[in-house]
Trainee: 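Got a structure for you, written out below as structure tokens; questions coming shortly.
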Amino acid sequence: MLTDALTYSFNKISLIANYTDLILKLLLLYAAFLIIYYYHYDQLKYIPGPWWARFTHLPYVFQRILGENDRYSSKLHKKYGSIVRVGPNEISLSNTRDLKIILSSYKYPKSKSYTHAEPRQSNIFTTRSEDFNRMRRRQVGPAFTKVGLDSVEDLVLQVGIKSLQKKINLEIDKGNGCYTMNYYKTFQNLTSDVVAELAFGRSFNAIEKDGFRVVDWVHSSILTSSLKAIFPFLKYFPFVLRKLEKDKLNLIFYTFNAIEKRKKLLETGQYKTDQIDILHMYMTATNPDGNKLSYYEIISEIIFMLIAGIDTTSVSMTWLFHIYSVYPNVYKKVVDEINLHFPDKNYMITYKDAQDKLEYFVATVYECLRLKPPVNGVLARDSSSEGVQLSNAYIPKNVELLLYTEGAHRNENLWQNPEHFIPERFMGEGKKYIKELFAFSSGVRICPGRNLALMEIFTVMPNILRDYNFKPLPNSRYSPTNLDPSRDYEPYLLRDKTFLTRIPINQGEECVTMVSHKN
Ligand code: HEM
């Protein structure tokens, strides 16, 4: 009996040993194959980068999931230079000239990760097709031209700065002369109202109501799209994202209703056609087959406009506001300039006024877009079926190129003391450097909404800075004297994470200011 048991155990152990031996041998064989492959056939072996990048992109993807893409890419580029391998088939680029080469033509299409993020239907943003993108840009283009924007400026002022002023006045009265305002949330509500007005034909009234459920649905859509772009397999497991998908469905129904409403206005001749807004352009456009856009097509475009237009612009304003709080000299100069040109508090400063008269203020906006580009870590392109010659390396065909725009914004050949906040770089002759920025991307897929975003920023900021006093909370950890060694001893800036846009981590507590009337 004992002998049988021993023999049985011995046989089991030797079987396991045999299997382990086999697995080890297979692993060794695989390792040998990888080494031979990467030494002899790997086309990217000349590109510098961490050792793991030859075998996997997981450490890089992991940092993206954590929202740490910027800091991580910065470290890699500091160590390895402007072209860094971050995966077997992925390269990160940070050189201004290289970024321009890639972005200048349709030859290097958006990478496949964009299509994983798309809803049911391709849209202006997710498409990899040149023809499709050109078509959509043509169809919606008039809404973003000067004529289009002029036609909606009154509306933008109404739902933007005017309703913000109303809200602030009300809250100051309620608070006996002082309103503790979360500016991150406030700007987000404001940009939601503006984009909703142009894309749905009605404001969400988020400023008045301190938020609106549709804005939460938009955020769920952003999260779903980002997760699907990073983990494409998630589309086969919809239950994992059930709550987020439900929000997305709500958003789709909401958009559907907005289209129906506009359709009725158009059919009954009640729509003011002198107003060229985003919804109008898509509803009246035709595809090359002569047919109007389907409901699915319009919904896909409109939802993307919300995604593209809300957080991008509000995050830009948040950073600008924060920068003013830690650079009081800059803040004072901006306010002095505004008071000099527009002393009358009853006068509403317009987009054109700001462009024509507020050179220093405008320069602070661009310097902020340089230092803290609001959209980061998502510009991914394909090296095409031919490959591409970059400044100091040839990249073979079908490699994913990750464009690290913040790195280009810190290129010391172009920007002296890149960590310092120096608006003067964009003044006078320096205006020509605006085109070296990638905050709105560059080239053929440049952001078509950039002038709308600037219209919002250029009307909201000067008017509120002229009319109110803003003071940081007394216990704020961000101040002109709290200096960050990693920023060349410039003031600490809000800690952020990048998920499509660069969001301050502790916006609830840290993006807070005390507002009061100016005497
Ligand atoms: C300060 C605010 C904004 C910033 C920083 C910004 C930035 C960007 C960037 C970097 C891209 C390129 C993304 C890529 O290639 O992966 C982009 C594309 C786009 N943006 Fe904006 N954006 C802003 C506001 C807006 C607004 C207000 C709208 C419209 C309501 C808008 C609509 C779009 C569209 C439709 C695209 C896709 C263009 C294409 O692929 O052809 N953006 N934006």
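The first residue of the sequence shown is numbered 1, and numbering continues consecutively from there. Given the structure is predicted, the values throughout are model-derived calculations rather than measurements. Start at 1 and go down the list; that is how both ligands and their atoms are numbered.
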Trainee: I'd like to check which ligand 1 atoms, numbered from 1 as shown, lie under 4.0 Å from a non-hydrogen atom of P448.
Mentor: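 Every atom of ligand 1 under 4.0 Å from some heavy atom of P448: 19 (C), 20 (N), 33 (C), 34 (C), 35 (C), 36 (C), 38 (C).
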Trainee: Below a 4.0 angstrom heavy-atom separation, can you tell me which part of T191, side chain or backbone, both or neither, approaches ligand 1?
Mentor: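 Answer for T191: neither.
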Trainee: Measure the shortest side-chain to side-chain distance between K431 and Y366 over non-hydrogen atoms and say whether it is less than 4.5 angstrom.
Mentor: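 No; the side chains remain at least 4.5 Å from each other.
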Trainee: Ignoring hydrogens and geometry beyond distance, is a side-chain donor-acceptor pair present between E208 and N189 at under 3.5 Å?
Mentor: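 Per modelled atom types, E208 and N189 side chains form no pair under 3.5 Å.
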Trainee: Closer than 4.0 Å to some heavy atom of A439 - which atoms of ligand 1 meet that?
Mentor: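 Selected atoms, number and element: 5 (C), 7 (C), 10 (C).
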Trainee: With atoms numbered from 1 as shown, which atoms in ligand 1 lie under 4.0 angstrom from a non-hydrogen atom of R137?
Mentor: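 Within the 4.0 Å cut-off of R137, ligand 1 contributes 38 (C), 39 (C), 41 (O).
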Trainee: Show which atoms of ligand 1 fall inside a sub-4.0 Å distance from at least one heavy-atom site of Y114.
Mentor: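 Close to Y114: 14 (C), 15 (O), 16 (O).
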Trainee: Compute the shortest N/O to N/O distance between S441 and ligand 1 and return yes if it is under 3.5 Å, no if not.
Mentor: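 S441 vs ligand 1: no N/O contact under 3.5 Å.
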Trainee: Can you see whether H219 engages D247 through a side-chain donor-acceptor pair at a distance of less than 3.5 angstrom?
Mentor: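 No, D247 and H219 have no side-chain donor paired with an acceptor closer than 3.5 Å.
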Trainee: At a 4.0 Å threshold, what atoms of ligand 1 neighbour a non-hydrogen atom of N133?
Mentor: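 Near N133, meaning under 4.0 Å from one of its heavy atoms, ligand 1 has 39 (C), 40 (O), 41 (O).
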Trainee: For D467 and Q165, which I'm curious about, is there any donor-acceptor pair between the side chains at under 3.5 Å?
Mentor: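 Short answer, yes.
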Trainee: Within ligand 1, which atoms have a heavy atom of V375 less than 4.0 Å away?
Mentor: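 Those atoms are 7 (C), 10 (C).
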Trainee: Measuring only between side-chain heavy atoms, which start at C-beta, is L66 closer than 4.5 Å to F62?
Mentor: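 Yes, their side chains come closer than 4.5 Å.
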Trainee: Can E297 and N287 be counted as having a side-chain donor-acceptor contact under 3.5 angstrom?
Mentor: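 Present: a donor and an acceptor within the cut-off.
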Trainee: Indicate, as side chain, backbone, both or neither, the part of R381 found under 4.0 angstrom from ligand 1 when only non-hydrogen atoms are considered.
Mentor: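 For R381, the contact with ligand 1 is made by the side chain alone.
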Trainee: How does S316 reach ligand 1, if at all, at less than 4.0 Å between non-hydrogen atoms: by side chain, backbone, both, or neither?
Mentor: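 Near ligand 1, S316 shows its side chain, while the N, CA, C and O stay back.
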Trainee: Please work out whether any backbone atom (N, CA, C, O) or any side-chain heavy atom from C-beta onward of R136 is under 4.0 Å from ligand 1, and answer side chain, backbone, both or neither.
Mentor: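 None of R136 does.
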Trainee: Check ligand 1 against F304 and write out every atom of the ligand that is under 4.0 Å from a heavy-atom position of the residue.
Mentor: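 Result: 34 (C), 35 (C), 36 (C).
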Trainee: Out of the candidates W415, Y433, F361, only one should pair with F426 under the ring-ring contact (aromatic ring centres under 6.0 Å, His included) rule; please name it.
Mentor: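 The passing option is W415.
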Trainee: Heavy-atom contacts under 4.0 Å between I124 and ligand 1: side chain, backbone, both, or neither?
Mentor: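 Near ligand 1, I124 shows its backbone as well as its side chain.
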Trainee: For Y295, is the NZ or CZ atom of K263 found under 6.0 angstrom from the centre of its six-membered ring and inside 45 degrees of the ring axis?
Mentor: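 No - K263 does not lie over the ring of Y295 by the 6.0 Å and 45° rule.
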Trainee: Tell me whether T313 has any N or O atom under 3.5 angstrom from an N or O of ligand 1.
Mentor: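 No: no nitrogen or oxygen of T313 is under 3.5 Å from one in ligand 1.
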Trainee: Centroid separation under 6.0 Å, is that true for the rings of F470 and Y183?
Mentor: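 No, the ring centres sit 6.0 Å or more apart.
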Trainee: Tell me the contacting part of P374 for ligand 1: side chain, backbone, both, or neither, using a 4.0 Å heavy-atom threshold, strictly below.
Mentor: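 Contact part for P374 vs ligand 1: side chain (C-beta onward).
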Trainee: Tell me the contacting part of R450 for ligand 1: side chain, backbone, both, or neither, using a 4.0 Å heavy-atom threshold, strictly below.
Mentor: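 No part of R450 is near ligand 1 at this cut-off.
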Trainee: Do you see a donor-acceptor pair shorter than 3.5 Å between the side chains of Y282 and E301?
Mentor: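 Judged by distance alone, the side chains do pair up.
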